[in-house]
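All of these numbers come straight from a predicted model, not from anything done at the bench. Order of the sequence lines fixes the chain letters, A, B, ..., with proteins taken first and strands second; residue numbering starts at 1 for each chain.
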2 protein chains.
Amino acid sequence: MGRIKTTYNISKKEIIIDKAAALIREKGFKAASMRDLAEIIGVEAASLYNHIKSKNELLYEICLHVANVYNKKINIISDEQISSIEKIEMLLRFHIQCMIQNFEKVFVSDREWKHLSEPYLSNFQNLRRNYRKKFAAIIEEGIKKEEIKKIDATTAVLIMLYAVSGIESWHRSKQKISGNALEENMIAILIGGLKKL
Amino acid sequence: MGRIKTTYNISKKEIIIDKAAALIREKGFKAASMRDLAEIIGVEAASLYNHIKSKNELLYEICLHVANVYNKKINIISDEQISSIEKIEMLLRFHIQCMIQNFEKVFVSDREWKHLSEPYLSNFQNLRRNYRKKFAAIIEEGIKKEEIKKIDATTAVLIMLYAVSGIESWHRSKQKISGNALEENMIAILIGGLKKL
DNA sequence: CCTACCGATCGGTAGG
DNA sequence: CCTACCGATCGGTAGG
């Protein structure tokens with residue numbers, strides 16, 4: 001019985017988090033109210049608090065989940081026995097796929113993290129800083145091995161990450177291009193540039 | 001006398017808009033309160049309404065200003081007698097400069113426009129759609145002239161615009177690289193790609 | 001899971 | 001420019 005009840009609670013909490021991600025993505029954290037969320041779930045606002053501690057906890061669960069997935073992935077890719085350019089391509093494809101398939105949570109993590117309260121905020125910022133350092137290290141390695149042109153690695157990381165975040169615009173649009181085509185185009189431009197050789 | 005009073009009002013309104021841009025950039029539109037803003041200006045909240053109509057008007061003034069500046073610029077660049085790649089480079093450098101020098105307003109326009117109320121929202125979205133179409137047209141032209149590789153123009157626009165928006169991260173950081181160096185690095189990566197030839 | 005309700009804060013107005 | 005104040009809405013709690 002206890003086992004069944006626990007399972008039920010976890011599942012309901014995850015439904016709430018998923019719906020919260022969609023709502024926060026659409027309206028922004030501050031404009032997304034718990035009453036809005038409750039209506040989407042189909043309960044009264046007060047009932048949400050049987051499953052979650054606070055509105056802040058919802059944001060924290062979303063942001064930390066995304067940050068952890070990203071960090072796990074970059075650790076794996078960093079250790080692969082492939083060229084730096086291949087590592088970056090893998091990382092970009094992973095980011096693009098996350099942005100396409102897990103849009104709501106990734107977007108919220110990217111854009112709404114500043115509304116996190118302490119100590120979640122510092123925790124999240126540390127994870128993000130750590131991630132960007134590892135990304136920059138891969139680029140530095142590629143420059144040293146002369147696979148990548150001599151550019152500022154921090155600037156390159158920033159371009160890559162923000163370029164991928166532009167997929168939000170694709171989501172918002174009529175999506176005249178498929179997810180796969182979007183991915184191939186982004187890789188071509190980011191790795192090879194706009195200019196024809 | 002009437003002339004002097006008008007000048008004074010315009011000036012005070014512009015101070016309020018500038019301070020509002022900084023506050024909204026920092027906290028987000030919904031979290032930035034008129035009481036916060038009043039304190040920054042050094043008056044009571046009620047006094048703000050002698051200069052502005054509403055909180056929404058502040059956002060509208062910021063977003064429309066930026067959108068108009070961008071549209072004016074792209075019209076000028078589109079008509080220049082230079083190559084498509086040169087046009088894109090000019091446009092990127094312009095964007096980067098705006099992002100560096102006019103950070104607060106550009107950021108608010110990029111990230112907080114969704115809180116605009118009608119009819120301002122539709123007005124802004126039209127300007128933005130128009131701008132992106134013209135940007136895409138320059139890229140299409142470059143593809144046709146075989147200066148630019150065969151990629152999806154809409155995707156390319158999205159990458160360029162969002163990559164530049166990443167300068168927010170540079171602003172937030174210790175800025176170990178100068179504005180000029182940042183600009184040159186971004187141009188090199190976006191036009192030429194990461195990969196060494 | 002609900003009803004009932006709280007204190008805080010919001011954008012904005014009236015009136016001087 | 002201020003004081004005083006409004007109705008709405010917020011996140012969250014008590015109690016069942």
Between dC1(C) (P) and Lys13(A) (NZ): distance, integer Å: 15 Å

From NZ of Lys27(B) across to P of dC10(C) the rounded distance in Å is 9 Å

For the salt bridge (Lys or Arg N to Asp or Glu O under 4.0 Å) test, which of Glu80(B), Glu141(B), Glu147(B) pairs with Lys87(B)? Glu141(B)

Distance in angstrom units between His115(B) NE2 and dC10(C) P, rounded: 16 Å

Atom-pair distance (CD on Glu44(A); P on dG11(D)), nearest Å: 14 Å

Atom-pair distance (CD1 on Ile52(A); P on dG12(D)), nearest Å: 7 Å

Between Ser169(A) and Arg132(B), a side-chain donor and acceptor under 3.5 Å: yes

According to the Watson-Crick and G-U wobble definitions, with both distances under 3.5 Å, which nucleotide is paired to dT13(D)? dA4(C)

Would you indicate which nucleotide in dG12(C), dT3(D), dC1(C) comes nearest to any side-chain atom of Asn50(A)? dC1(C)

Rounded to whole Å, please give me the gap between NZ in Lys55(B) and C1' in dC10(C). 8 Å

Within residues 29-43 of chain A, those residues having any heavy atom closer than 4.0 Å to DNA chain C are Val43(A)

With a 3.5 Å distance limit and no angle check, can you tell me whether Glu57(A) reaches the backbone of Lys53(A) through a side-chain donor-acceptor pair? yes

Please check if the side chain of Asn185(B) supplies one atom and the backbone of Asp152(A) the other of a donor-acceptor pair under 3.5 Å. yes

Anything under 30° is parallel, anything over 60° is perpendicular, the rest tilted; go ahead and classify Tyr131(A) against Tyr70(A). tilted

Any donor-acceptor pair under 3.5 Å linking the side-chain atoms of Ser122(B) with those of Gln125(B)? no

For the pair made of CG in Leu23(A) and C1' in dC10(D), what is the distance, rounded to whole Å? 14 Å

Tell me the interatomic distance from His51(A), atom NE2, to dG12(D), atom C1', rounded to whole angstroms. 16 Å

Any link between Ile17(A) and Phe124(A) through a network of hydrophobic side chains (Ile, Leu, Val, Met, Phe, Trp, Tyr) touching at under 4.5 Å? yes

Closest to the Ser47(A) side chain, choosing from dC2(C), dC1(D), dT13(D): dC2(C)

